[in-house]
Amino acid sequence: MDSRIRHLARPGIRVTSSVRETPVEATVTLRTETVGAERRDANRPLEGDEAETAFKEKTIEMMGTREEAEVHKEARVVGEVYTPPMAH
């Protein structure tokens, strides 16, 4: 006796993947800071630790700043299809 196995097509499944882009809006408040310096006349004795640094040459530098919005995109998986193995 000759035994053979015949494979027949059965109903299956079809899965379609889709990509959706969702626009997002956000209002942000950005700040800009400017630096200013004013010289004013004074006539007072040195206080505390001022005497240690009063007669040393030095440079003081101050930087202005401004804020800038950063935009990042992130891909998100919102659904998955799992096909468990099936035994017959």
Side-chain angles (χ1 to χ4, degrees):
M1 180 161 126
D2 187 18
S3 66
R4 295 184 201 178
I5 297 176
R6 188 168 84 171
H7 294 277
L8 302 173
R10 298 191 58 201
I13 61 170
R14 179 179 298 181
V15 177
T16 303
S17 154
S18 65
V19 176
R20 181 177 59 220
E21 193 171 322
T22 306
V24 176
E25 291 185 24
T27 302
V28 294
T29 302
L30 302 176
R31 297 185 319 172
T32 299
E33 296 178 347
T34 53
V35 177
E38 296 178 7
R39 185 187 184 289
R40 61 181 179 203
D41 291 332
N43 185 5
R44 62 177 178 77
L46 294 176
E47 296 177 358
D49 61 347
E50 287 180 315
E52 294 178 25
T53 59
F55 300 105
K56 293 181 182 176
E57 290 188 17
K58 62 184 165 226
T59 301
I60 298 172
E61 185 174 340
M62 294 183 285
M63 303 293 289
T65 61
R66 70 180 176 93
E67 295 176 330
E68 185 175 277
E70 290 186 18
V71 178
H72 300 278
K73 287 186 176 184
E74 180 181 83
R76 305 284 300 171
V77 176
V78 295
E80 297 179 318
V81 175
Y82 170 69
T83 55
M86 296 183 171
H88 296 298

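- Other residues, nucleotides and ligands contribute only 12 or fewer heavy atoms inside 6.0 Å of the CD1 atom of Ile60.
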I'd like a table of donor-acceptor pairs (distance under 3.5 Å, sequence neighbours excluded) in which one partner is a side-chain atom from residues 14-36, with atom names and distances.
| unit_1 | atom_1 | unit_2 | atom_2 | d |
| --- | --- | --- | --- | --- |
| Arg31 | NH2 | Glu33 | OE2 | 3.4 |
| Glu33 | OE1 | Thr65 | OG1 | 3.2 |

Distance-only check: which donor-acceptor pairs under 3.5 Å involve side-chain atoms of residues 44-54, not counting sequence neighbours?
| unit_1 | atom_1 | unit_2 | atom_2 | d |
| --- | --- | --- | --- | --- |
| Arg44 | NH1 | Glu50 | OE1 | 3.1 |
| Arg44 | NH2 | Glu50 | OE2 | 3.0 |
| Glu50 | OE1 | Glu47 | N | 2.6 |

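- Listed by chain and residue number, Arg39 satisfy the side-chain hydrogen bond (donor to acceptor under 3.5 Å, both in side chains) test with Asp41 (two or more places apart in sequence, or in another chain).
- When only modelled atom types and interatomic distance are considered, Glu70 and His72 share a side-chain donor-acceptor pair under 3.5 Å.
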